[in-house]
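The figures that follow rest on heavy atoms only: side chains count, while hydrogens, waters and symmetry mates do not.
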Amino acid sequence: MEKWTRDQTIIVLRLYCQIPFSKATSTNPYIIYISKLIGRSPNSVKMKIGNFGSFDENLKTKGIVGLTNASKLDRDIWNEYSNNWDKLAYQSELLIADLEKRKKLNLNNTLETIPVGIDKEVFTTQRINQNFFRNTILASYNSKCCITGISIPDLLIASHIMPWSIDKKNRTNPHNGLCLNSLHDKAFDKGLISISTEYRIKISDKIKSIDNKAFKDYFYKYENSLISLPEKFLPSKDFLDYHFNNIFQK
């Protein structure tokens with residue numbers, strides 16, 4: 001078997017980010033597609049994802065250790081790109097698009113997170129970053145709102161903890177994301193709710209002052225409850241602290 005290349009490893013790191021770790025099986029359609037694209041078996045791609053899992057501290061806290069045979073290349077790629085998510089989002093998408101064009105694969109069965117043979121010229125950094133961030137956050141939270149458990153993708157938002165306009169460096173950082181339904185995303189954005197560094201839901205006094213059944217159902221009852229934590233990429237406590245102290249309307 002030929003050694004893994006840098007480009008192949010980058011593409012699989014992207015895949016690691018964008019599927020739930022528990023669904024990283026050799027029958028997963030994402031894994032089958034990528035294995036065909038890069039010329040590897042589905043099982044080898046699954047194992048490479050397991051290698052990346054061994055570096056993920058959030059998985060370790062859940063008792064999931066990944067595989068133990070990660071290579072130096074695996075670790076080097078992880079260290080390089082986990083400190084530069086924008087770079088991973090952009091470079092991996094270009095690599096995938098280039099392979100799709102050269103191999104002329106049948107794209108009818110590709111899933112939402114896999115680019116579909118788009119020319120490089122139409123890629124924009126903003127679109128790539130937004131797609132990468134959304135797909136990674138939804139995968140980390142298994143496509144469920146971390147407050148309500150709503151699991152309809154069309155109603156889910158990959159919410160930035162540190163606002164997009166304030167922190168350009170962390171726009172694609174998965175540790176800067178929460179999976180929220182559209183109502184609670186708007187409330188979080190406006191500082192009407194927040195998440196403490198203990199991952200508990202906080203409701204603004206501005207909402208608590210309203211005596212309304214709908215507000216009780218949608219907001220009050222969640223006060224001080226724990227959010228559903230992601231499988232990967234735990235929200236950064238530094239980012240949560242910033243939101244609580246600078247955006248939340250106490």
Side-chain angles (χ1 to χ4, degrees), residues 17-18 20 56-58 61-62 82 85-86 89 112-113 125-250:
C17 293
Q18 304 209 318
D56 194 318
E57 293 299 324
N58 196 40
T61 64
K62 294 174 178 286
S82 63
W85 298 103
D86 287 358
E112 181 184 16
T113 58
T125 299
Q126 181 172 325
R127 186 187 70 80
I128 290 171
N129 288 354
Q130 288 174 339
N131 287 347
F132 176 86
F133 185 74
R134 173 177 169 78
N135 293 331
T136 300
I137 295 302
L138 263 64
S140 296
Y141 288 84
N142 283 296
S143 293
K144 291 182 180 180
C145 171
C146 68
I147 292 177
T148 65
I150 287 174
S151 58
I152 302 173
D154 287 345
L155 298 179
L156 298 178
I157 307 293
S159 302
H160 286 86
I161 303 169
M162 289 283 288
W164 176 278
S165 59
I166 292 176
D167 190 346
K168 294 181 179 180
K169 179 181 178 182
N170 287 295
R171 285 178 172 178
T172 51
N173 184 345
H175 297 286
N176 189 31
L178 297 167
C179 184
L180 297 172
N181 70 78
S182 53
L183 174 62
H184 289 89
D185 166 72
K186 179 62 71 174
F188 187 82
D189 183 58
K190 297 299 182 182
L192 298 175
I193 63 174
S194 191
I195 309 295
S196 74
T197 53
E198 289 75 37
Y199 308 113
R200 293 191 178 275
I201 301 158
K202 301 300 179 182
I203 308 297
S204 169
D205 287 344
K206 191 171 182 179
I207 288 183
K208 289 179 183 177
S209 65
I210 301 172
D211 185 14
N212 180 286
K213 184 179 184 303
F215 278 76
K216 292 178 182 177
D217 290 342
Y218 296 135
F219 293 102
Y220 306 163
K221 73 177 183 180
Y222 295 110
E223 173 73 48
N224 215 39
S225 297
L226 283 168
I227 64 169
S228 297
L229 295 176
E231 184 179 66
K232 299 175 290 188
F233 305 121
L234 199 66
S236 162
K237 291 191 176 184
D238 288 340
F239 298 152
L240 292 172
D241 185 67
Y242 178 90
H243 185 277
F244 185 79
N245 289 300
N246 294 278
I247 298 174
F248 182 48
Q249 299 184 50
K250 297 181 179 65

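- Surrounding CD1 of Ile152 are at most 12 heavy atoms belonging to other residues, nucleotides or ligands under 6.0 Å away.
- By the 4.5 Å heavy-atom criterion applied to side chains, Ser236 and Ile161 are not counted as neighbours.
- Counting only heavy atoms from C-beta outward, the side chains of Leu192 and Phe219 never approach each other to under 4.5 Å.
- We find the OG1-CG distance between Thr136 and Asn131 to be 10.0 Å, quoted to the nearest 0.5 Å.
- Tyr141 OH to Leu156 CG: the interatomic distance, rounded to the nearest 0.5 Å, is 12.0 Å.
- A donor and an acceptor atom, one from each side chain of Asn176 and Asn173, are nowhere located under 3.5 Å apart.
- Relative to the ring axis of Phe215, Lys208 does not place its NZ or CZ within 45° and under 6.0 Å from the centre.
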Handout entry: Check against side chain to side chain contact (heavy atoms under 4.5 Å, CB included), Met162 and His243
Key = CA-CA 7 Å; Met162 289 283 288; His243 185 277; over 6 Å; no
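- Between atom CD of residue Gln249 and atom CD1 of residue Ile207 there is a gap of 8.5 Å, rounded to the nearest 0.5 Å.
- With Lys186 contributing its side chain and Asn181 its backbone, the two residues share no donor-acceptor pair below 3.5 Å.
- Closest non-hydrogen pair, Leu180 versus Cys145, comes out as CA-SG, 3.8 Å.
- The shortest non-hydrogen separation linking Gly177 to Ile137 is CA-CD1, 3.6 Å.
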Practice task
May I have the step-by-step check of side chain to side chain contact (heavy atoms under 4.5 Å, CB included) for Asn212 and Tyr218, ending in yes or no?
Solution key: CA-CA 10 Å; Asn212 180 286; Tyr218 296 135; over 6 Å; no
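- The shortest side-chain heavy-atom distance between Ser194 and Ser204 does not fall under the 4.5 Å cut-off.
- Taking all atoms of both residues into account, the shortest heavy-atom contact from Leu240 to Ser196 is CD1-O, 3.6 Å.
- Counting heavy atoms from C-beta outward, Asp167 and Phe239 have side chains that approach closer than 4.5 Å.
- Atom CD1 in Ile147 sits 4.0 Å away from atom CD1 in Ile193 (nearest 0.5 Å).
- When only modelled atom types and interatomic distance are considered, Asn129 and Thr172 share no side-chain donor-acceptor pair under 3.5 Å.
- Within 6.0 Å of the OH atom in Tyr199, the count of heavy atoms belonging to other residues, nucleotides or ligands exceeds 12.
- Within the model, atoms OH of Tyr222 and CD1 of Ile203 stand 9.5 Å from one another, a figure rounded to the nearest 0.5 Å.
- Within a 6.0 Å sphere centred on NZ of Lys213, other residues, nucleotides and ligands contribute 12 heavy atoms or fewer.
- Between Ile201 and Asn224, the closest side-chain pair of non-hydrogen atoms is not below 4.5 Å.
- The two residues Asn135 and Gln18 come nearest to each other via the heavy atoms CB-NE2, 3.3 Å.
- Heavy atoms from other residues, nucleotides or ligands lying under 6.0 Å from NZ of Lys144 number 12 at most.
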Problem - Verdict with supporting geometry, Asn245 and Asp241, side chain to side chain donor-acceptor pair (under 3.5 Å) - result: CA-CA 6 Å; Asn245 289 300; Asp241 185 67; 2.9 Å; yes
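- Between His175 and Phe233, the ring-plane angle classifies as perpendicular under the 30° and 60° cut-offs.
- With rounding to the nearest 0.5 Å, the separation of CG in Asp189 from CD1 in Ile247 is 7.5 Å.
- Within the 4.5 Å cutoff, the side chain of Leu229 has heavy atoms near those of the Ile227 side chain.
- Listed here is the closest heavy atom pair of Phe133 and Pro174: CE1-CA, 4.5 Å.
- The two residues Ala139 and Pro20 have their closest heavy-atom pair at O-CG, 3.6 Å.
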